[in-house]
Amino acid sequence: MKALLIHSPNAGTKPEPMRSRIGQLEEAGFAIHYCEHGRDDIRSGMIGMEIAIAAGGDGTVASVATEIPDRSVPIAILPMGGSNNVARALGIRQSVGAVIDGLHSAREKKLTVGSVTGPFGRKGFLEAVGIGALNQSIELVDESPDTPEEKRENGRTAFRETLRTAKPIACVVDIDGRRFDGPWLLVEILNIGAIGPRLPFAPRADTQDKLLDILLVGESDRDAMVGWAEHFSGPPPARLETGCVVTLQASGLCPRIDDRPIDMPNDAWTVEIRLDDEPVTILVPGSMTGHDDDSC
């Protein structure tokens with residue numbers, strides 16, 4: 001089977017050489033064509049391929065899901081990132097080696113993909129679109145962790161610290177015609193349940209229900225949210241909504257699409273967020289043995 005392997009050499013805290021993994025994939029029956037994430041073009045690389053294999057973290061998976069030209073072509077995920085939120089949302093929690101071993105009996109699962117339309121045109125997303133405290137916390141994260149667990153805890157600590165002191169932002173949120181004025185400490189429009197350093201903002205999110213989950217955190221929610229962010233037990237103590245089409249209206253702010261901040265004009269802007277009609281197809285490996293990465 002012809003496979004395009006889209007690999008992020010910098011994924012995780014201790015990136016591993018792909019030579020042994022390529023050998024394992026070839027032994028499993030895949031004819032591998034290599035594509036470096038962020039350097040090589042995914043769309044052209046997929047010409048003639050029968051499967052895409054995303055080897056990296058959530059950013060790599062998002063790029064493959066939003067750039068693959070034919071969404072009926074299956075995608076396999078080799079989770080190599082610090083959080084692996086997308087893989088975990090689909091039930092893929094085993095080691096990379098175990099995932100490869102399980103691909104021969106994998107089942108197909110659909111995963112919704114979103115799009116954002118605004119002054120920048122149209123961009124795809126897989127995890128979430130956000131504005132407020134989480135965006136600000138990214139600037140505080142220690143970028144030299146030794147382990148994935150340390151990387152996640154660094155991110156969570158930065159989020160808690162930012163949430164304690166974040167200034168409310170003026171942003172009007174419209175969800176299927178229902179208006180929420182704010183101001184807000186945090187607005188997140190999610191396609192999956194956990195994002196960033198495994199922050200479980202929408203624990204009831206369904207990757208196949210064609211609904212967005214929206215978390216709205218106001219000033220009155222600050223103390224409860226900071227307490228929740230110490231242990232992340234249960235749903236966040238703030239407003240959680242669902243909807244099909246969300247618009248954000250703000251001025252002088254920059255939203256985040258997945259893990260990428262987006263430059264916006266200084267004057268007032270509007271963006272529209274919705275899920276695409278056509279999902280992507282993910283291969284979820286069958287019964288597997290091996291390390292189960294089920295830590296929080």
Taking atom CG of D70 and atom CD1 of I47, what is their separation to the nearest 0.5 Å? 12.0 Å
Nearest heavy-atom contact between A55 and M18 is CB-CE, 4.2 Å
Measuring only between side-chain heavy atoms, which start at C-beta, is I51 closer than 4.5 Å to L283? yes
Pairs meeting criterion salt bridge (charged side-chain N to carboxylate O under 4.0 Å, His left out) with involvement of residues 252-271, two or more places apart: E188-R256
Applying salt bridge (charged side-chain N to carboxylate O under 4.0 Å, His left out) to R43 and not counting sequence neighbours gives none
When you measure from the side chain of E50 to the backbone N and O of K2, does any donor-acceptor pair fall under 3.5 Å? yes
Which distance, rounded to the nearest 0.5 Å, do you find between the CD1 of I262 and the CG of L253? 14.0 Å
Measure the shortest side-chain to side-chain distance between F180 and V187 over non-hydrogen atoms and say whether it is less than 4.5 angstrom. no
Within a strict 4.5 Å, meaning less than it, do heavy atoms of the T281 and R71 side chains meet? no
Within the structure provided, determine whether I100 and F30 are in side-chain contact (heavy-atom separation under 4.5 Å). no
Taking all non-hydrogen atoms of both residues into account, name the closest pair between A31 and H33 and its distance. O-CD2, 3.5 Å
Nearest heavy atoms of W269 and P119, plus distance in Å: CB-CG, 4.0 Å
Who passes side-chain hydrogen bond (donor to acceptor under 3.5 Å, both in side chains) against Q24, sequence neighbours left out? R21, D101
Going by salt bridge (charged side-chain N to carboxylate O under 4.0 Å, His left out), name the pairs with one or both residues in residues 211-225, residues two or more places apart or in two chains. E219-R222
How long is the gap from OH on Y34 to CG on L5, to the nearest 0.5 Å? 7.0 Å
Closest contact, heavy atoms only, A268 versus S251: N-OG, 3.7 Å
As an exercise, state the distance from CG of N191 to CG of L211, rounded to the nearest 0.5 Å. 10.5 Å
Residue pairs involving residues 112-136 (criterion salt bridge (charged side-chain N to carboxylate O under 4.0 Å, His left out); sequence neighbours excluded): R122-D276
Is it true that a side-chain atom of S83 and a backbone atom of G196 form a donor plus acceptor pair closer than 3.5 Å? yes
Full working for side-chain contact (heavy atoms from CB on, under 4.5 Å) between I53 and I32: CA-CA 9 Å; I53 302 175; I32 297 298; 4.2 Å; yes
So M49 and V73, side-chain contact (heavy atoms from CB on, under 4.5 Å) or not? Walk me through it. CA-CA 8 Å; M49 297 295 109; V73 174; 5.8 Å; no
Among residues two or more places apart or on two chains, list those pairs meeting ring-ring contact (aromatic ring centres under 6.0 Å, His included) that have a residue in residues 199-251. F159-F201, W228-F232
Considering residues at least two apart in sequence or located in another chain, which fulfil the salt bridge (charged side-chain N to carboxylate O under 4.0 Å, His left out) criterion with E36? R39
Could you check whether any side-chain heavy atom of P183 comes within less than 4.5 Å of a side-chain heavy atom of I169, counting everything from C-beta outward? no
Are V86 and I42 joined in one hydrophobic group, where the rule is that I, L, V, M, F, W and Y side chains link up if heavy atoms are under 4.5 Å apart? yes
Given V245, which of L212, I273, D176 fulfils the side chain to side chain contact (heavy atoms under 4.5 Å, CB included) condition? D176
Report whether I195 and L186 are members of the same hydrophobic cluster (ILVMFWY, side-chain heavy atoms less than 4.5 Å apart, transitive linking). yes
Using atom types as modelled and distance alone, determine if a side-chain donor or acceptor of R239 lies under 3.5 Å from a backbone N or O of I214. no
Cluster check I131, L134: I/L/V/M/F/W/Y, side chain < 4.5 angstrom: no
Between R274 and S115, does the side-chain contact (heavy atoms from CB on, under 4.5 Å) criterion hold? Intermediate values first, please. CA-CA 6 Å; R274 63 172 68 225; S115 60; 3.9 Å; yes
By side-chain hydrogen bond (donor to acceptor under 3.5 Å, both in side chains) - contacts of S63 (at least two apart): H37
With a 4.5 Å limit on heavy-atom distance, are the side chains of V113 and T66 in contact? yes
Please enumerate all residues that pass side-chain hydrogen bond (donor to acceptor under 3.5 Å, both in side chains) together with R160, with sequence neighbours excluded. E153, T157
Can you name the nearest heavy-atom pair linking C254 to N135, along with the distance? O-ND2, 3.5 Å
Which residue in the set K110, K210, Q208 passes side chain to side chain contact (heavy atoms under 4.5 Å, CB included) when paired with P279? K110
So how far is it from D58 CG to N84 CG, rounded to the nearest 0.5 Å? 6.0 Å
How far apart are the closest heavy atoms of A166 and A133, and which atoms are they? CB-CB, 4.3 Å
Contacts of E108 meeting salt bridge (charged side-chain N to carboxylate O under 4.0 Å, His left out) (sequence neighbours excluded), chain-then-number -> none
Main chain of G82, side chain of R152: is a donor-acceptor contact present, judged purely on distance under 3.5 Å? yes
Test side-chain hydrogen bond (donor to acceptor under 3.5 Å, both in side chains) applied to R178 - qualifying residues, sequence neighbours left out: E241
Same cluster or not: are V116 and I192 linked, directly or through other Ile, Leu, Val, Met, Phe, Trp or Tyr residues, by side-chain heavy atoms under 4.5 angstrom apart? no
Mind checking whether I68 and F125 sit in one hydrophobic cluster, side chains of I, L, V, M, F, W, Y counted as touching below 4.5 Å? no
Sorted by chain and number, sequence neighbours left out, salt bridge (charged side-chain N to carboxylate O under 4.0 Å, His left out) with R164 holds for E230
Counting only heavy atoms not in D277 (residues, nucleotides, ligands), do more than 12 fall under 6.0 Å from its CG? no
Are any non-hydrogen side-chain atoms of P255 and M264 less than 4.5 angstrom apart? yes
I'd like to know whether L111 forms a side-chain contact (heavy atoms from CB on, under 4.5 Å) with L126, so could you lay out the CA-CA distance, the side-chain angles of the two residues, the decisive distance to 0.1 Å, and finally the verdict. CA-CA 9 Å; L111 172 64; L126 198 59; 3.8 Å; yes
Quick check for you: to the nearest 0.5 Å, what is the distance between T207 atom OG1 and I282 atom CD1? 9.0 Å
Can you find a pair of side-chain heavy atoms, one from P79 and one from V99, that are under 4.5 Å apart? yes
